[in-house]
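Residue numbers start from 1 in every chain, and the chains themselves are labelled A, B, ... in the order their sequence lines are given, proteins ahead of strands.
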Amino acid sequence: MDFGPFLLLASLEGLVQAAVLSLTALGLCLTFGVMRVVNVSHGEFYMLGAVIAWWAASILGPKYALSGYLIALFLAPCIVGLLALASERFVLRSLNYEPEATIVATIGILYIIQQTVLMSFGPDAKPVNPPFYFRIDFPWFGYSGYKLFVIGAAIVVLSGTWYVLARTRVGLIMRATQLDRDMAQAFGIPIKRVYAYVFAAGAMYAALAAVLIVPIRQAHYLMGADPLLMSFIVVIIGGLGSVRGAIVAAVLIGMSDGIISMFFSPTLAKMVSTLLVALVLVFRPQGLFGVKTS
Amino acid sequence: MFSLQNFSAYHGASRVVQNIDLEVDAGEVVCILGRNGAGKTSMLHAIMNLMPRREGTVTLCDVDISRLSAHDVPRAGIGYVPQGRRLFSELTVEQNLEIGLMVNQALPDVLGSVLELFPILKQRLNQVSGTLSGGEQQMLAMARALCIEPKLLLLDEPTEGLMPSMIALIREVVQTLKTRGVSILLVEQRVGAVLEVADRVAFIETGRLLNTVSVSEVEKDNEIIKRYLGVSR
């Protein structure tokens, strides 16, 4: 294949990566931005989303792949969101959201979820059929219609999130809580309730991203580590707590990851991402869109 | 109207507000004076239930609000203008006011009457609050608190770092609120400014209330200020 078409193919792969990564990183970013909690178990919420998608697909069978997928799209974020609500209520709230303590606690949640899935789901990777098959035919190659659907779905969800954050009362409450927790309370905002919903929403984004990607990647009990690492990279490059930064960085990292993986190797792509984080930490520690604090 | 009985508050293990008894009548302005670190700001913070732990009884309009959680305190009718303004600096003026209006689901005419007190804010509604001048930020902090239609307003050093014309405007607003029956608990460093608006002065030191005297007594006896604050008027 010539360079031009190969670059187009690599860019499309990069966009799929960016779409899923931006959803996963958005969840982590919201949790950190509003609550100042570094959620190390975020990758496990992602993994759980994929496992629920496999479970829904395997119950209904390949004949009803679309129905199974639609059920998973609804059910996975709901179940994972409820689990996150319980984690917030019984773990994070008990620790008064102390940053150091919550890191240790979320590591604990990570292992509990991971090992529970290992015991119940098993160690093998399980494929999930795409809900539909169609190819977009370019003059040089054909491309999966499902992958384009993933990009489109991510754009819709990100646009909806932007609308909620920028234009609605819910967004205003979240931003006020993020900016000054005490003053938010002094103006009637129940921050514990806000924290609970934000933590659940963060986990739901991860689960949704996993349902979108699982027909391409398979479900596996260890699949949470990579998106967690990539999300941290994205959130650090974008600026801790900056939603705009997280989305821009996700597109940047996702595209570079996709393109470098296609032209060279996935290992080199990860090395470049890690190098980017190191450069940002040295030259712009607050990230691309973060606010410098004294 | 508002009272504190045996009121204490803690930062970790240390008690920074100690057994305070204080009353504020409707439409009365009580000023809290004390040296730096005396516990004035901590006391206001504790009234808003923003300290990790507090004890004693807080009553507003004969209702015990001691057990209310922090986000219910403003709903009970206490507005807070903190030291350093603490606006939601990345939000616009309008959004800051909207947050104030959310507390009691206040109607738009409340916003109208608040903006009448601070007309300059009408021209700044779409400006990001962090980019306002110091005086405008102070006006916004007061306007935001007034949006909840408070029965009691806690003002923490509202004239800090402001030019004289702004100080005069804030004094005027305090007088207007007084005539509307809003009670005010004012923390202020400028003794001169205090005497122009306050009805009583409460002196505190190391978190303890030393004495409460009327402004007329302070005006008559120059030694009172010196005795409690170690400075002359």
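Closest approach of B:R54 to B:V58, counting heavy atoms only: NH1-CG2, 4.0 Å. The shortest non-hydrogen separation linking A:G241 to A:F32 is N-CD2, 3.9 Å. Residues B:I99 and A:A176 approach most closely at CD1-CB, 3.5 Å, considering heavy atoms.
Among the candidates B:M48, B:H71, B:H45, the residue making the largest number of heavy-atom pairs closer than 4.5 Å to chain A is B:H71.
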Inset, instruction - Mind running side chain to side chain contact (heavy atoms under 4.5 Å, CB included) on A:L28 and A:F232 for me, showing each step along the way? - result: CA-CA 8 Å; A:L28 194 71; A:F232 273 128; 3.6 Å; yes
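Within residues 93-108 of chain A, no residue has a heavy atom under 4.5 Å from a heavy atom of chain B. The stretch residues 179-189 of chain A places A:L179, A:D180, A:D182, A:M183, A:A184, A:Q185, A:A186, A:F187, A:G188, A:I189 near chain B, each with some heavy atom under 4.5 Å from a heavy atom of that chain.
With a 6.0 Å radius and a threshold of 12 heavy atoms from other residues, nucleotides or ligands, A:K192 has its NZ atom at or below the threshold. Few gaps surround CZ on A:R284; more than 12 heavy atoms of other groups in view lie less than 6.0 Å from it.
Side-chain contact, A:Y46 with A:S231: no donor N or O sits under 3.5 Å from an acceptor N or O. Judged by distance alone, the side chains of B:T59 and B:Q5 never bring a donor and an acceptor atom under 3.5 Å apart.
One N or O on the side chain of B:R200 and one on the backbone of B:E23 form a donor-acceptor pair closer than 3.5 Å.
With B:E136 as the partner, the side-chain contact (heavy atoms from CB on, under 4.5 Å) test is satisfied by one option alone out of B:I120, B:V93, B:T131: B:I120.
Residue contact with chain A, scored on non-hydrogen atoms closer than 4.5 Å, involves the side chain of B:R75 exclusively.
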